[in-house]
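Worksheet for the structure shown next.
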Amino acid sequence: MSGRHEKEKGVNVQVLLRCRPFSEDELRSNAPQVVTCNDYQREVAVSQNIAGKHIDRVFTFDKVFGPSAQQKDLYEQAVVPIVNEVLEGFNCTIFAYGQTGTGKTYTMEGECKRSKSGPNGELPSEAGVIPRTVQQIFDTLEGQNAEYSVKVTFLELYNEEITDLLAPEEISRISLEEKQKKQLPLMEDGKGGVLVRGLEEEIVASASEIFTLLERGSAKRRTAETLLNKQSSRSHSLFSITIHIKEATPEGEELIKCGKLNLVDLAGSENISRSGAREGRAREAGEINKSLLTLGRVINALVEHLGHIPYRDSKLTRLLRDSLGGRTKTCIIATVSPAVHCLEETLSTLDYAHRAKNIKNKPEVNQKMMKTTLIKDLYGEIERLKAEVYATREKNGVYIPKERYYQEESERKAMADQIEQMGVVIETHQKQSEEWRDRYDAQVRQCSDLSSKLSTAEKNFNQTIKLLTCTEEELKKCRYENALAHQACVLRSDLEKALQDNASLFQKIGREDKLSSDNRSVVNNFRGQLSQQIVSLCNMVSMSISQQNEHLQRVQELGHSFLDMHYKSVEELKKKLSASRAVYISHIEAVQNVVHLHKASSIAGLEEISSMASSSTQSIKDYLESEAGPAASIFDDLQNSLSTHQGEVALFAREMRQRFLVSSEKRKEVSEYMNGFLDKILEQCKSLENHAVQADAIQMKNICDFQEAYEEQSKTDAEKLVADINNLVSNHLQRQKELVDARLVDLRETATGNKAFLDGHVSSMECVSTDAKRKWHEFSMQAEYNAKDVADYSAAKHCRMESLLQQCVSTAGSAFKHWQKTHDSVNKMGISHVSELVSLTR
Ligand SMILES: Nc1ncnc2c1ncn2[C@@H]1O[C@H](COP(=O)(O)OP(=O)(O)OP(=O)(O)O)[C@@H](O)[C@H]1O
């Protein structure tokens, strides 16, 4: 309820004050301090000397940061909540306002070189509001794991001209001068806001990207400053961050939350004469002041609730219209110097900031947009831009010359201004007429109330008049009679009262007399009684003294008799003690005798015990000796059976060794035979090889002979045939064929001879190998038979060994039982001996 009420009433602009420390120059010149800050009471006091009088002026703000306040303190106390509200979907603006050199840029940007940043990407302690804001925004968004987009713009307003500090074009004097001519125009966005046409909006994904952009913007600003002889203190800069965050409703619908933060570093607020503006710079200073003056006028109009707020009078106020009396949450950081030479400006800044405290905004959270609607809007925008591009490319749009366009644009602007002003006037008129109507209604209501009251009052008045006349008449009649009677009555009552008083006085005097006589008799009685009592008291005292003396004498006598008795009893006691000592000594002697007796008896008992122990050890020994015989026989049996087993095992091993020797000899024989057989095969192979070599040599010789014969024959034939080649070719071929055939028959015969020789050898080798195979078969059969025999023999031996082991186990069992028995009986014997010893010791 109160929240709504507050919302309707509005929220005051938050105003903070920051006083910077003395600069080195100021310290060197020992400049006196005129500003003192009380951070806790949120007060700033300015000391002035007016006409020799010391006057302190005190200003109170929402927060005060003295010279010792660090960047971090200011940010955490003042800016963190604002950034949180931006993330909640509010639009917020932070202005830095103050004289040149008081720390506006230091507060907003700080000395934030990225290279100076600490480890883990921490910001340096000198970092100002902008880098800290950026860091907080990204930290929060990343911490929430939200889907988001962040856009930034960075512009400079100088001489009422807007420059985009993020535009990527090259920076040169010419380009800058050209650019100066074509300034970015301000346009109504159709939703009640203002936008800068053509302003670069950079989408950034991380804090570091923003830092890069900031550096780029600042560098561009510095370059422009040197190239165009600008003074940064005369320009305003506006850094805006727009955040879109995706949210999902419980129904699963996707909404887009939007928040915007404007960070404004205003131009120095000093007056023109001080800033040294002359002639050429008059316009510049004028324009700067136009923005600042308009800002001041807007603030005044808002504070004084004037009908017309001159937002449109400057670009700065147009751009920041929503932040002053609109739906944006606004914070102004006023900066001052503590030094005396800035006193005038400090006071003007403090006045200005103090006035601004009264501005009321009506902050409203931005409506969350449905993702689909946003996409639709963006599509619409794309379509519009496409249409514009198409019209430009096809030149089928409306073409007008540049001058006319600018003229029309300025006319349109002027008209828009007029319309707006008229709208404002109409609005104020409407407001006024509403006010008048309200007042009229209230007066009509008052009139009707008053008329009804008047009629009732008239009625009452008439009735009262009537009553008054009646009373007046009656009063006239009774006036004389009543006055006399009344006076007589009064006198009478007075006399009666005096009589009563006299009587009571007499009564009082009588009572007083009686009382004093009574008192006197009481005093006399008391005196008599007192003297009697004193006499009796003296008697009593003397009596008690004599009694006490008697008593003391008796006590003395009693003491003497008691001492005598005491001496006597002591004597008796001494005697008794000596008697009891004698008794004690005799008792001790008796006890010693008894002890000696006991000692002797115990020695005897011990001797008996030792004799018993020796007898028991003897009996144990006997018993063990008696038991040793059977045990030894058992162990002998065991040893015998083990030795027989050993003998049998040794025999078995010997037999096995012999058998293995036999089988190994046989194996040796077989291997020798195999070696001989292989040697034979080797010999055969060698002779075969020799034969093959011989056959090959013969064949080669035959072939050579044949070749030579053929060559000779062919030579002679060729010679013969040269003459009659045609006739003799067939004969020659015939003869040649015959010759070849005959030779081939020869060759075939040698080949068959060779083959027969080889076959013979192969058959002999076959015979040898079958013989070897048979022998191997026989040997393997024999070996198998032997192995079987050995296996049977070993199985039989195994059975025998098993039965022997069984026997051993049973013998060991019986030996163990016997041993257990012996152990039990020894134990029993021990127990009986112990009990006997116990009885004996008892
Ligand atoms: N609170 C402060 N602590 C330490 N140094 C400060 C503080 N405020 C300002 N300074 C120093 O004072 C000097 C001037 O500050 P700065 O440039 O921010 O002033 P400005 O108001 O922005 O001036 P201009 O209007 O000319 O831009 C800088 O060197 C800055 O480091």
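We count ligands from 1, going down the list as the structure has it; atoms in each ligand are counted the same way.
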Looking at ligand 1, is there an atom of it that comes within less than 4.0 Å of some heavy atom belonging to [X]?
X      : result
Gly98  : no
Gln71  : no
Thr102 : yes
Ser23  : no

> When you look at NZ of Lys257, are more than 12 heavy atoms from neighbouring residues, nucleotides or ligands closer to it than 6.0 Å?
Replying inline: yes
> Are more than 12 heavy atoms from other residues, nucleotides or ligands located less than 6.0 Å from atom CD of Gln367?
Replying inline: no
Nearest heavy atom to [atom]: which of [options] does it belong to?
atom                    : options                        : result
atom 26 (O) of ligand 1 : Thr100, Thr335, Leu266, Leu74  : Thr100
atom 19 (O) of ligand 1 : Gly103, Ser68, Ala267          : Gly103
atom 23 (O) of ligand 1 : Ser337, Gly110, Gly101, Ser235 : Gly101

Strictly below 4.0 Å, N to O, side chains only: are [X] and [Y] in salt-bridge contact?
X      : Y      : answer
Glu420 : Lys413 : no
Arg57  : Asp351 : yes
Glu88  : Lys329 : no

> Should the proximity of Gln99 to ligand 1, defined as any heavy atom under 4.0 Å, be assigned to the side chain, the backbone, both, or neither?
Replying inline: backbone
> Which bit of Ala69 gets closer than 4.0 Å to ligand 1, counting heavy atoms only: side chain, backbone, both or neither?
Replying inline: neither
> Do Glu304 and Asn358 have side-chain atoms, one donor and one acceptor, less than 3.5 Å apart?
Replying inline: no
>> Under a 3.5 Å threshold, yes or no: a donor from one side chain and an acceptor from the other, between Glu160 and Ser291?
In response: yes
Hey, does [X] come in under 3.5 Å of ligand 1, counting only N/O atoms on both sides?
X      : value
Thr105 : yes
Lys104 : yes
Tyr106 : yes

>> Suppose we screen for side chain to side chain donor-acceptor pair (under 3.5 Å). Which residues come up paired with Asn366, at least two apart in sequence or across chains?
In response: Asn91
> For ligand 1, which atoms, with element, lie under 4.0 Å from some heavy atom of Arg18?
Replying inline: 1 (N)
>> Please verify the inter-ring angle class for Tyr148 with Phe138; under 30° counts as parallel, over 60° as perpendicular, anything in between as tilted.
In response: perpendicular
